[in-house]
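I have placed the structure first, in the form of structure tokens, so that the comments after it can refer back to it.
Whatever order the structure lists them in is the order used to number ligands and atoms, beginning at 1.
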Amino acid sequence: MQAWRSISLWMDQLEESLSPRTALRQDLDVDVCIIGAGYTGLWTAYYLKRQAPHLNIAIVEGKIAGFGASGRNGGWLMGNMLGEDRLLADCTAPQRRAAYDLLHGIPDEVERVLEREGIDCDFRKGGVLYCAARYREQAATLRSYLQKLYKQGLTEREYRWLSPAELATQLRIATPFGAIFNPNVATIQPAKLVRALARTVERMGVKIYENSPARDWRPGEVRTAQGTVKCHWVVPAVEGYSVDLPPLGKYQMPVQSLLVATEPLSDQLWDEIGLSRGQAFSENSRQVTYGQRSADNRLVFGARGGYRFAGQLRENFDLSEREIELRRYLFSELFPQLKNVAISHSWGGNLGMARRFRPHMLCDPQHGVALAGGYGGEGVGASNLGGRTLAALILEQRNELTEQPWVKRPGRVQHLARWEPEPCRWLGYNAIIKSFVHEDQTLANPHSAPWRRRLASAVADFMEGFMH
Ligand SMILES: Cc1cc2nc3c(=O)[nH]c(=O)nc-3n(C[C@H](O)[C@H](O)[C@H](O)COP(=O)(O)OP(=O)(O)OC[C@H]3O[C@@H](n4cnc5c(N)ncnc54)[C@H](O)[C@@H]3O)c2cc1C
């Protein structure tokens, strides 16, 4: 079982046995067949079973529950959704307010389930600090983002500017220029959550088959090597792995994100750094960084990885020295005292990025297909909303979950925005990332001339425009 433990720090920390459940070795006839035992699949099963206990639900998982991003992520459980400001731009003010309330309530909803089901996943709702931490321009970017949110009707209760002195009461970094604080974010131990959810839905009567990759699927049928599942509803919940299940790969691009974790740090170091309530934090650059102080006092810190030609999945996440050192450099800029600290774990995973960075929840009742995804790197909380929403859609409910702009109802997979074919996708993605890296290097260099700094940011802004 060592192979499963090496997936991430989080899987390594589990005390339970990781022996796979039995594989599917027969044909089945069920109401709902879910492909993939990550958060999306498991939350969908959970909310379906709670409301309709009679439903016969089977989950086929290619490896083991939590093998995917759900067992590897940075543990930010956000009351947000990627690109929410753009998704809600055309709504009326009351619709937008209701949508934000729904999103901001995600961590509380998860906490209610944890309490109800007796799940311990080191849940701490300490909020998140988006820090201007490495160069002055980060403060200007954050402040203009804050103004955009206020124009959308959000208030200081939800997003608040912290001066360097105010930030220091929560997090002490080397060169603070200020931060945005958002209280609607929790940190968790991700693998504890996904593994406990699997046990919970099993207790409710859902059958999980592991080591049972779906080879192909179509409405009404999912085929694995040793058994075919006939069903009224198929719920493909494979997010970053969509490339292996046509036609889903046209709509979800797999990108990687990579993390490192330190050995547990001393109380003295944490007294210097802060994060005493388990706050999540990032330094707000286009490197997409994210960190948390784990419940056992490690610094866990990640940053964007890459994209491989034709959406090839990365399978080997033994990080190279360069990949580890980039992350060490980024966190040492914030915490110079951690420059030489021992790194005990490094890992990464594949996540699904939808075209225009717009997550979706989709229901096609005519063909019996429901799916949610494209969360980008923000799916820990969004997948809970996804599971709740798919359950409501399958149960033919109409409520605030089903009336959001990210819900396509009725909608077919083919109605989602497609990624460009190769080699455009690879060339485009890498050109954009190069502009981001160039911007970051230019701004991080205090000797860069002002015109160079402005030019680097203008190019990165322009390139980012293609993503949206
Ligand atoms: C390194 C990393 C860090 C991240 N950090 C954060 C974070 O801090 N906060 C945040 O909000 N989001 C984060 N994310 C994103 C978040 O983890 C994901 O959006 C979320 O876990 C997606 O859950 P899922 O169930 O949709 O997909 P997954 O968890 O990837 O589950 C998909 C499952 O499908 C299985 N599968 C694949 N193909 C098949 C097949 N053919 N047949 C059967 N089963 C199959 C896989 O084995 C896997 O178990 C991160 C992602 C990564 C990779």
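With a heavy-atom cut-off of 4.0 Å, Leu259 touches ligand 1 through its side chain alone. Only backbone heavy atoms of Ala237 (N, CA, C or O) come within less than 4.0 Å of ligand 1; its side chain stays farther off. Contacts between Tyr290 and ligand 1, counted as non-hydrogen atom pairs separated by less than 4.0 Å, involve the side chain only.
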### Task
Test side chain to side chain contact (heavy atoms under 4.5 Å, CB included) on Arg195 and Leu18 and set out the steps.
CA-CA 9 Å; Arg195 301 287 301 174; Leu18 295 180; 3.7 Å; yes
### Task
Report the C-alpha distance between Arg112 and Glu109 in whole Å, list the side-chain angles of each, state the deciding distance to 0.1 Å, and finish with yes or no for salt bridge (charged side-chain N to carboxylate O under 4.0 Å, His left out).
CA-CA 5 Å; Arg112 278 191 289 275; Glu109 165 60 17; 3.2 Å; yes
### side chain to side chain donor-acceptor pair (under 3.5 Å) evaluation trace for Asn73 with Tyr39
CA-CA 11 Å; Asn73 59 74; Tyr39 300 140; 3.2 Å; yes
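Listed by atom number, the atoms of ligand 1 under 4.0 Å from Glu378 heavy atoms are 10 (C), 11 (O), 12 (N). The contact set between ligand 1 and Gly74, taken as ligand atoms under 4.0 Å from a residue heavy atom, comprises 3 (C), 4 (C), 5 (N), 6 (C), 7 (C), 8 (O). Atoms of ligand 1 found under 4.0 Å from any heavy atom of Tyr39 (numbered from 1 in listed order, with element): 21 (O), 25 (O). Close approach of ligand 1 to Tyr241 is summarised as follows: ligand atoms under 4.0 Å from at least one heavy atom of the residue are 30 (O), 37 (C), 38 (N). Interface atoms of ligand 1 facing Val60, defined by a heavy-atom separation under 4.0 Å, are 43 (C), 44 (N). Counting the atoms of ligand 1 from 1 in the order shown, those under 4.0 Å from a heavy atom of Ser257 are 1 (C), 2 (C). Every atom of ligand 1 with a heavy atom of Gly36 under 4.0 Å away is listed here by number and element: 33 (C), 34 (O), 35 (C), 44 (N). Heavy-atom proximity to Pro213, at under 4.0 Å, picks out these atoms of ligand 1: 42 (N), 43 (C).
Aromatic ring centroids of Phe331 and Tyr290 lie 6.0 Å or more apart.
The nearest heavy-atom contact from the protein to atom 24 (P) of ligand 1 is Thr40 OG1, 3.5 Å. Regarding atom 30 (O) of ligand 1, its nearest protein heavy-atom neighbour is Ala69 N, 3.0 Å. With respect to atom 19 (O) of ligand 1, the closest heavy atom belonging to the protein is Gly379 CA, 3.2 Å. Nearest non-hydrogen protein atom to atom 51 (C) of ligand 1 is Leu351 CD2, 3.6 Å. Here the protein heavy atom with the shortest distance to atom 39 (C) of ligand 1 is Val238 CG1, 3.7 Å. In terms of protein heavy atoms, atom 9 (N) of ligand 1 is closest to Trp76 O, 2.9 Å. Shortest contact from atom 27 (O) of ligand 1 to any protein heavy atom: Glu239 CB, 3.6 Å. Of the protein's non-hydrogen atoms, Ala214 O, 3.1 Å is the one closest to atom 41 (N) of ligand 1.
Distances shorter than 4.0 angstrom do not occur between any heavy atom of Asp244 and any atom of ligand 1. Put simply, part of Gly377 is less than 4.0 Å from ligand 1, judged by heavy atoms. For the pair Gly302 and ligand 1, no heavy-atom separation below 4.0 Å is found. Within the 4.0 Å heavy-atom cutoff, Ser383 does not count among the residues contacting ligand 1.
By the 3.5 Å distance cut-off applied to N or O atoms, Glu61 is counted among the residues near ligand 1. Below 3.5 Å of separation, one finds no N or O of Gly348 facing any N or O of ligand 1.
Looking at Trp270, its side chain does come within 3.5 Å of a backbone N or O of Asn297 through a donor-acceptor pair. Side-chain N or O atoms of Glu210 include one that pairs as donor or acceptor with a backbone N or O of Ala65 at under 3.5 Å. Side-chain N or O atoms of His415 include one that pairs as donor or acceptor with a backbone N or O of Arg412 at under 3.5 Å. Between the side chain of Trp217 and the main chain of Pro246, a donor-acceptor pair closer than 3.5 Å is present.
More than 12 heavy atoms of other residues, nucleotides or ligands lie within 6.0 Å of CZ in Arg86, so this atom counts as buried by the packing criterion. The 12-atom threshold is exceeded at CZ of Arg277, counting heavy atoms of other residues, nucleotides or ligands nearer than 6.0 Å. Other residues, nucleotides and ligands contribute only 12 or fewer heavy atoms inside 6.0 Å of the CZ atom of Arg322. Counted within 6.0 Å of CZ on Arg218, heavy atoms from surrounding residues, nucleotides or ligands total 12 or fewer; the atom is thus considered open.
Using a 4.0 Å cut-off between a side-chain N of Lys or Arg and a carboxylate O of Asp or Glu, Glu420 and Arg355 qualify as a salt bridge.
Side-chain contact between Ile433 and Arg304: present, with at least one pair of heavy atoms (C-beta onward) separated by less than 4.5 Å.
In this structure, a donor-acceptor pair under 3.5 Å is present between the side chains of Tyr47 and Asn384. Checked by atom type, the side-chain pair Ser344/Arg298 shows a donor-acceptor distance below 3.5 Å.
When the heavy atoms of Gly68, Gly38, Ser70 are ranked by distance to atom 29 (O) of ligand 1, first place goes to Ser70. Nearest to atom 50 (C) of ligand 1 by heavy atom, out of Val380, Val185, Asn73, is Asn73.
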